[in-house]
Amino acid sequence: MPELPEVEVLRRSLEPRLVGRRIEGLDVHARSLREPISRRAFERAALGRRIERVRRRGKFLLVDLEGESTLVFHLGMSGRLTLAEASRPREPHEHLSLSLDGGERLRLRDPRRFGLALARPTRGLERDAHFARLGREPLDPPVDGVTLRALAAGRRVPVKNFVMDGRAVAGVGNIYATEALFRAGIRPTRSVTALTRASWDALAAAIVAVLREAIGSGGTTLNDFTDGAGARGEFQGALAVYGRAGETCGRCGGRVRRVVLGGRGTFYCPGCQR
DNA sequence: GCATTACCCTGAAAGC
DNA sequence: TGCTTTCAGGGTAATG
């Protein structure tokens, strides 16, 4: 499940290998992702163009091309974007591949098809429906408690739902919201209306720390995340509570619990998180 | 207007 | 062992 750190790790691995390359051909396969992949839009935007930049916005990977076009990718739950030899046969669930000069292909696989692949004009992209309501980036600059508290003003949701809500802060998904709340010592079920200033400060610091550490570890690979070259992440070994229901808390020796918030499995330590 | 739930999808894991 | 059922969740539409 690629969240901000995984997409950033992917971006860093792809950027040096993509920038300057020309897109010479493309294959689109018929099955739709969250939205259909428009062969026409991709052909018009990408064919014969050079790649100028590889950016990230929240969990979106943005590939800017010459000619003021941007290819937009969202990996959903199970998406993988890899750069590999053009001669390698198409894999199952490969929905799009771009052949580049130099004999490689950028391939998008996504078995569960929760992902997205779009071709859009670069200009005005931030006003596109997928980006218009997207919240602020948590890392640049690092988000602070005052900002978080202001973003939550007027809302009454459990703090976990707020942290995961992309309209407030972009890119923090279930794993990192869960881990940040553990580090901050805040129970995920607590209402945002009940947090003190000190709690907001601790939460902001925890979000920034956990995202940075995860990027430094190459992301979290639970099932199948890899960077653009196929390397797995290592942050799964650092997860304190996520996926550990019934296990012993490494900090206090209590038992980790699982609840469901916003339809997502949520893990916390009742001893450490109040 | 806000909060919550349902839905899309497939592979892995659990259950029988 | 092998089949069936359950579970996972990002984002958004529908419902409360």
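All chains are named by letter (A, B, ...) in the order of the sequence lines, taking the proteins before the strands, and each is independently numbered beginning at 1. All figures in this text were calculated on a predicted structure; none of them were measured in a lab.
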**Message:** Among residues at least two apart in sequence or on other chains, which ones pass side-chain contact (heavy atoms from CB on, under 4.5 Å) with Asp101(A)?
**Reply:** Arg21(A), Arg22(A), Glu24(A), Arg50(A)
**Prompt:** For Asp128(A), which of Arg123(A), Arg120(A), Arg57(A) qualifies under salt bridge (charged side-chain N to carboxylate O under 4.0 Å, His left out)?
**Reply:** Arg120(A)
**Request:** Could you tell me the separation between the CG atom of Leu33(A) and the P atom of dC9(B), rounded to a whole number of Å?
**Result:** 11 Å
**Prompt:** What bend angle does the helix from dC2(B)-dG16(C) to dC16(B)-dG2(C) show across its length, from five-pair end axes and to the nearest 10 degrees?
**Reply:** 60°
**Request:** List, by chain and number, the other hydrophobic cluster members for Leu118(A), where Ile, Leu, Val, Met, Phe, Trp and Tyr join if side-chain heavy atoms come within less than 4.5 Å, directly or indirectly.
**Result:** Phe60(A), Leu62(A), Val72(A), Leu116(A), Leu125(A), Phe131(A), Leu134(A)
**Atom pair distance, as rounded to whole Å: CG in Leu118(A) and C1' in dG11(C)** = 13 Å
**Message:** Base, sugar-phosphate or nothing for Gly166(A)? Non-hydrogen atoms, less than 4.0 Å.
**Reply:** nothing
**Fill in**
Contacts of Thr178(A) meeting side-chain hydrogen bond (donor to acceptor under 3.5 Å, both in side chains) (sequence neighbours excluded), chain-then-number -> none
**Item:** For Phe267(A), all residues meeting ring-ring contact (aromatic ring centres under 6.0 Å, His included), sequence neighbours excluded
**Value:** Tyr242(A)
**Asked** Does a side-chain N or O from Tyr242(A) land closer than 4.0 Å to OP1 or OP2 of dA8(C), or not?
**Response** no
**Message:** Less than 3.5 Å apart, any donor N or O on the side chain of Ser32(A) or Arg113(A) sitting next to an acceptor on the other?
**Reply:** no
**Prompt:** Is there a donor in the side chain of Tyr176(A) and an acceptor in the side chain of Thr220(A), or the other way round, less than 3.5 Å apart?
**Reply:** yes
Sub-3.5 Å pairs of nitrogen or oxygen atoms, protein against nucleotides 3-7 of chain C:
none

**Request:** Specify the separation, in whole Å, of atom CG of Asp165(A) and atom P of dG9(C).
**Result:** 17 Å
**Item:** Length of the line joining Phe131(A):CZ and dT12(C):P, which is rounded to integer Å
**Value:** 10 Å
**Complete:** Taken in chain and number order and not counting sequence neighbours, the residues that satisfy salt bridge (Lys or Arg N to Asp or Glu O under 4.0 Å) with Asp201(A) are none
**Asked** According to the 5.5 Å centroid and 30° plane-angle thresholds, does Phe114(A) stack upon the nucleobase of dG11(C)?
**Response** no
**Asked** Could you state the NE2-C1' distance from His95(A) to dC8(B), rounded to the nearest angstrom?
**Response** 13 Å
**side-chain hydrogen bond (donor to acceptor under 3.5 Å, both in side chains) partners for Glu3(A), two or more places apart** = none
**Request:** Would you please confirm or rule out a distance under 4.0 Å between OP1 or OP2 of dG11(C) and any side-chain N or O of His130(A)?
**Result:** no
**Residue among Asn161(A), Asp165(A), Thr193(A) satisfying side-chain hydrogen bond (donor to acceptor under 3.5 Å, both in side chains) with Arg155(A)** = Asp165(A)
**Asked** Rounded to the nearest Å, what distance is computed from the CZ atom of residue Phe162(A) to the P atom of nucleotide dT4(B)?
**Response** 14 Å
Write out a two-atom table: protein N or O, nucleotide N or O from nucleotides 1-3 of chain B, distance below 3.5 Å.
residue	atom	partner	partner atom	Å
dA3(B)	OP1	Arg156(A)	N	2.6
dA3(B)	OP2	Arg155(A)	NE	3.3
dA3(B)	OP2	Arg155(A)	NH2	3.4

**Asked** Is there a donor-acceptor contact under 3.5 Å linking the side chains of Thr226(A) and Arg232(A)?
**Response** no
**Partners meeting side-chain hydrogen bond (donor to acceptor under 3.5 Å, both in side chains) with Arg183(A) (sequence neighbours left out)** = Glu213(A)
**Euclidean distance, atom CZ of residue Phe225(A) to atom C1' of dG9(C) [Å, nearest integer]** = 17 Å
**Request:** Would you please test Arg107(A) and Glu91(A) for salt bridge (Lys or Arg N to Asp or Glu O under 4.0 Å) and show each step?
**Result:** CA-CA 9 Å; Arg107(A) 304 160 182 266; Glu91(A) 298 187 64; 5.6 Å; no
**Fill in**
5'-most contact on DNA chain C (nearest-nucleotide basis), Ala129(A) vs Met77(A), goes to Met77(A)
Check the interface with nucleotides 10-13 of chain B: list each N/O to N/O pair with the protein under 3.5 Å, or write none.
residue	atom	partner	partner atom	Å
dT10(B)	OP1	Arg31(A)	NH1	3.3
dT10(B)	OP1	Arg31(A)	NH2	2.7
dT10(B)	OP1	Arg113(A)	NH2	2.6
dG11(B)	OP1	His93(A)	NE2	2.7

**Asked** Leu261(A) has an atom CG; how far is it from atom P of dT4(B), in whole Å?
**Response** 9 Å
**For Ser199(A), all residues meeting side-chain hydrogen bond (donor to acceptor under 3.5 Å, both in side chains), sequence neighbours excluded** = Thr196(A)
